[in-house]
2 protein chains.
Amino acid sequence: MNIEPDLCRVEDALEIIVGKWKPIILLHLLKNGTMRFSEIKRSVPEITQKMLTKHLRELEEEDIIERVVYPQVPPKVEYSITEYGKSLEPILAAMHEWGTKHTVHKKQKLVNQTKTI
Amino acid sequence: MNIEPDLCRVEDALEIIVGKWKPIILLHLLKNGTMRFSEIKRSVPEITQKMLTKHLRELEEEDIIERVVYPQVPPKVEYSITEYGKSLEPILAAMHEWGTKHTVHKKQKLVNQTKTI
DNA sequence: CTCCTTAGTATCTTTTAGTATACTATAGAA
DNA sequence: TTCTATAGTATACTAAAAGATACTAAGGAG
């Protein structure tokens with residue numbers, strides 16, 4: 001396939017996927033379907049609440065995930081991947097696969113460099 | 001396919017693709033195979049020389065592109081996509097395709113919103 | 001009455017990414 | 001002698017992303 005650079009829509013996909021925590025959030029939601037805010041937080045403990053909220057809102061804005069608020073105290077909010085959001089999975093899978101190979105490639109490069117020293 | 005979030009290597013692929021100008025640079029090199037610095041610059045006029053240099057160096061560092069310097073004046077430097085770099089094409093193609101659909105999706109959303117007002 | 005829980009906000013600081021602009025070397029052309 | 005071309009570098013700046021930390025609402029448990 002040959003993408004005409006001037007008609008490139010790669011950025012549109014990147015905008016949605018890029019963000020320090022977005023891929024992991026998406027993978028968790030793809031795996032589990034539906035999760036509470038606190039569940040996601042526990043799955044990704046290093047993320048701050050601010051960042052988690054921000055990224056979830058952005059994904060919701062693009063119809064990748066759905067947000068359902070249960071009006072109760074303490075609050076309960078459930079996030080789930082939409083059908084549309086699921087269409088991102090092949091891209092994530094392709095990137096994951098490539099990333100795995102790339103990790104090996106980099107290790108191999110390091111070995112070769114060490115050999116020549 | 002089900003990616004185990006904890007073993008996720010999506011980031012490794014993203015690190016290489018992400019950067020304001022990297023996708024376009026890559027698409028141009030994928031299309032043309034080999035290009036001089038100034039040719040790339042002309043193909044992406046809005047990019048500054050600093051950014052072009054920076055991104056090219058980063059892509060070279062990851063073996064995605066190759067840099068060949070011809071020792072002559074004025075200088076001539078050719079950049080070409082490596083075989084390894086070509087392995088990124090399916091990912092870029094998938095993102096481009098998704099991005100195209102997403103543009104339509106967003107337009108449709110806007111139409112629906114306007115209808116209900 | 002105080003504490004706990006959940007899903008957030010608000011504010012501030014730090015880090016990273018990107019922009020703007022000026023400068024350089026050097027051979028050959030005019 | 002001055003100008004042009006090429007592929008950069010250097011410096012200073014702005015903007016965007018992310019992090020740290022403190023705060024909030026409100027019902028139920030003790």
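Per chain, numbering begins at 1; letters A, B, ... match sequence-line order.
Within residues 6-23 of chain A, the residues that have a heavy atom under 4.0 Å from DNA chain D are, in order of number, A:Gly19, A:Lys20, A:Trp21.
Between atom CZ of residue B:Arg36 and atom OG of residue B:Ser80 there is a gap of 13.5 Å, rounded to the nearest 0.5 Å. With values rounded to the nearest 0.5 angstrom, A:Leu7 atom CG is found 7.0 Å from B:His96 atom NE2. The distance from the CG atom of A:Leu29 to the CD atom of A:Glu39 is 9.5 Å, given to the nearest 0.5 Å.
The pair B:Glu83-B:Lys86 counts as a salt bridge, with a side-chain nitrogen and a carboxylate oxygen less than 4.0 angstrom apart. Comment: B:Arg57 does not engage B:Glu61 in a salt bridge, judged by the lack of any side-chain N to carboxylate O separation of less than 4.0 angstrom.
Results of the side-chain contact (heavy atoms from CB on, under 4.5 Å) test with B:Val10 over A:Thr100, A:Leu92, A:Ile91 single out A:Leu92 as the only residue that passes.
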Q | Heavy-atom protein contacts under 4.0 Å, nucleotides 6-14 of chain C, coded B base, S sugar-phosphate only, - none | A | BBBS-BB--
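Comparing B:Lys54 and B:Glu46, the nucleotide of DNA chain C nearest to each residue sits closer to the 5' end for B:Lys54. Taking the nucleotide of DNA chain D with the nearest heavy atom to each of A:Val73 and A:Ile47, the more 5' of the two is matched to A:Ile47.
Two residues are said to be in side-chain contact when any heavy atoms from C-beta on lie closer than 4.5 Å; B:Val44 and B:Leu52 fail this criterion. No side-chain heavy atom of B:Tyr79 sits less than 4.5 Å from a side-chain heavy atom of B:Glu66. For the pair A:Leu56/A:Ile40, a side-chain contact is recorded, criterion being any heavy-atom separation below 4.5 Å from C-beta on.
Here the closest heavy-atom approach between residue A:Ile65 and residue A:Thr82 is recorded as C-CG2, 3.7 Å.
You can see that DNA chain D meets the heavy atoms of chain A within a 4.0 Å-exclusive cut from D:dA18 to D:dG27, reading 5' to 3'.
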